[in-house]
Amino acid sequence: MASPRTSPFPDYLDLDSLLTDEQRLVQSSVRDFVSKEIEPKIRQCYMEERFPTEIIPKLGELGLLGSNLSGYGLPGMDNIAYGLVMQELERCDSGIRSFASVQGALVMYPIHAFGSEEHKKSWLPRLASGEAVGCFGLTEANGGSDPGAMNTKAEDKGDHWLLNGSKMWITNGNLAHVAVVWAQTGKGVRGFVVPTNVKGFSARKMEGKLSLRASVTSELYFDNVKLPKDALLPKSEGLKSALSCLTQARYGIAWGVLGAAEACFDEAVNYVKDRVTFGRPIGHTQLVQRKLALMLSRITQGRLLAMRLGQLKNDGKLHFAHVSMGKQNNVEMALEAARTCRDILGGNGIMVEYRAMRHMCNLETVFTYEGTNDIHLLIIGNEIVGAPAFGG
């Protein structure tokens with residue numbers, strides 16, 4: 001068996017030996033920061049339905065925002081190190097990883113990939129430091145899995161754009177200083193850089209969530225928002241540009257949920273060693289050991305999948321359907337692990353003092369957002385048979 005590692009559970013296949021020294025340093029540094037700065041407050045934030053905004057500058061100082069992007073003072077981490085960042089943030093809470101994922105993959109990435117030089121110089125350094133927060137406006141109330149059905153429109157008025165419409169389920173919406181908004185134009189879907197202090201822009205926080213409570217989710221409204229012509233992301237080309245941003249975010253999710261699964265597993269393992277029923281620890285029973293063995297196997301398989309995705313991404317060979325496989329498989333695995341761990345904890349599993357049910361509730365949302373579980377299966381199915389089945 002592999003030697004012990006710093007992870008919350010034994011690295012059964014010694015996967016740490018596949019990491020570089022730099023990747024291990026990133027992993028340990030983020031874990032140390034999270035355990036000291038976020039873990040002590042995350043339960044209260046979850047109960048209060050509040051994102052801990054005080055950590056944003058610290059995320060920036062550590063280079064955790066847009067960390068796999070280069071130039072403009074950005075860290076330029078390799079993609080496995082970036083995945084480890086997502087994993088360590090979500091080991092704490094999916095809401096923390098969601099913040100960093102949106103900031104980097106859905107706001108900084110499109111500005112980096114499709115923006116003008118002025119967009120990049122103006123926004124990327126501020127977003128990287130945490131001085132500015134961004135959000136990504138694609139999903140609409142009646143859109144969901146069909147983003148091409150969007151109703152938000154940007155009209156070319158000659159010397160300016162006029163933006164009208166609304167967006168829903170927008171992470172960071174009420175925190176944002178800038179929104180990357182996707183809208184129908186006379187020449188297809190295009191992306192726009194929209195400062196949130198412009199006249200006609202408003203955001204409403206969505207309250208009463210039973211999941212991702214430590215994350216800000218908002219509705220955005222655009223009422224005759226007048227934008228300069230250079231608000232357009234000049235290199236954005238139709239819906240495929242918006243979807244390429246989602247591919248970046250989904251890659252991070254495939255890594256992030258491993259942290260949630262490991263946190264639940266670690267908690268359950270410690271619990272079964274001390275919880276005594278019928279005169280012995282429940283960890284000595286066949287049913288519990290079977291559950292733990294299956295979880296360990298599936299978490300390990302998920303880590304192997306994420307590592308391979310990272311290798312492909314580093315080599316420039318990663319396809320969006322590869323990412324769909326990672327997102328679908330690893331989220332489903334993590335959600336099942338959280339549910340199983342909640343079951344092992346019994347009645348204690350519903351208490352906020354334990355992690356499992358908080359992670360379980362969060363993962364119910366992660367199972368749906370950034371492409372539902374079924375949509376990702378259909379993306380892979382399309383690759384297999386060469387025929388799209390969406391809507392059929």
Side-chain angles (χ1 to χ4, degrees), residues 1-2 4-19 27 31 80 83-84 86-94 97 250-273 282-283 285-312 321-346 349 354-377 379-380:
M1 179 175 170
R5 61 186 288 250
T6 57
S7 176
F9 75 100
D11 180 7
Y12 202 73
L13 297 185
D14 196 21
L15 299 183
D16 258 7
S17 66
L18 303 177
L19 302 178
Q27 182 183 47
R31 184 173 300 172
I80 290 176
L84 293 168
M86 297 297 107
Q87 183 176 342
E88 294 306 320
L89 293 178
E90 194 149 1
R91 188 187 305 282
C92 175
D93 192 270
S94 299
R97 194 268 309 144
R250 291 162 176 170
Y251 170 79
I253 291 171
W255 278 92
V257 294
L258 294 171
E262 289 182 3
C264 294
F265 183 88
D266 177 50
E267 181 172 70
V269 168
N270 289 328
Y271 185 82
V272 302
K273 292 177 180 178
I282 63 173
T285 65
Q286 291 182 5
L287 283 175
V288 170
Q289 288 192 10
R290 179 180 185 275
K291 292 173 182 177
L292 295 175
L294 287 172
M295 277 192 285
L296 177 57
S297 294
R298 290 167 183 167
I299 292 171
T300 302
Q301 292 162 16
R303 290 193 67 205
L304 285 166
L305 177 54
M307 285 287 291
R308 181 57 183 153
L309 294 180
Q311 292 170 345
L312 289 170
H322 295 151
V323 177
S324 284
M325 179 178 286
K327 198 272 186 183
Q328 185 278 325
N329 180 84
N330 285 6
V331 176
E332 186 171 271
M333 174 279 296
L335 178 56
E336 185 58 34
R339 289 170 175 168
T340 300
C341 291
R342 206 292 312 155
D343 176 53
I344 289 172
L345 294 171
Y354 291 85
R355 302 169 179 166
M357 192 160 182
R358 174 166 52 84
H359 279 298
M360 183 188 79
C361 291
N362 285 339
L363 289 165
E364 289 285 357
T365 291
V366 182
F367 190 75
T368 297
Y369 79 3
E370 301 277 4
T372 68
N373 187 69
D374 288 339
I375 287 293
H376 286 295
L377 289 171
I379 290 171
I380 299 168

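Considering all non-hydrogen atoms of both residues, M86 and R97 come closest at O-CG, 3.4 Å. Of all heavy-atom pairs spanning Y251 and G310, the tightest one is OH-CA, 3.1 Å. Heavy-atom minimum distance, L258 versus A306: CD1-CB, 3.8 Å. The minimum heavy-atom distance between G283 and V288, with the atom names listed, is CA-CG1, 4.1 Å. In plain terms, the two heavy atoms of L292 and A268 that are nearest each other are CD2-CB, 4.5 Å. Closest of all the heavy-atom pairs between K327 and F367 is NZ-O, 3.6 Å.
Counting heavy atoms from C-beta on, the side chains of E262 and D266 never come closer than 4.5 Å. Looking at heavy atoms from C-beta onward, H359 lies out of side-chain contact with C341 at the 4.5 angstrom threshold. Counting heavy atoms from C-beta on, the side chains of I282 and Y271 come closer than 4.5 Å. Between V366 and L335 the shortest side-chain heavy-atom distance does not fall below 4.5 Å. Put simply, the side chain of N362 reaches to within 4.5 Å of the side chain of D93, judged on heavy atoms.
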Given the rule in the side-chain contact (heavy atoms from CB on, under 4.5 Å) test, do I344 and M295 qualify, once you have shown the distances and angles that lead to the verdict? CA-CA 12 Å; I344 289 172; M295 277 192 285; 4.0 Å; yes
Let me see the working for K291 and E336 under salt bridge (charged side-chain N to carboxylate O under 4.0 Å, His left out), right down to the final yes or no. CA-CA 11 Å; K291 292 173 182 177; E336 185 58 34; over 6 Å; no
Go through the steps for M307 and L19 under the test side-chain contact (heavy atoms from CB on, under 4.5 Å), then give the verdict. CA-CA 9 Å; M307 285 287 291; L19 302 178; 4.0 Å; yes
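Between the SG atom of C264 and the CE atom of M360 there is a distance of 9.5 Å, given to the nearest 0.5 Å. Residue R308 holds its CZ atom at 8.5 Å from NE2 of H322, rounded to the nearest 0.5 Å. A distance of 8.5 Å separates NE2 in H376 from CD in Q328, rounded to the nearest 0.5 Å. Within the model, atoms CG of L363 and CE of M333 stand 9.0 Å from one another, a figure rounded to the nearest 0.5 Å. Between I80 atom CD1 and L309 atom CG the span is 10.0 Å, to the nearest 0.5 Å. Residue Q27 holds its CD atom at 7.0 Å from CZ of R91, rounded to the nearest 0.5 Å.
Put simply, the side chain of E267 never gets that close to the backbone of Y354: no donor and acceptor are under 3.5 Å apart. Judged by distance alone, the side chain of S94 and the main-chain N or O of E90 form no donor-acceptor pair under 3.5 Å.
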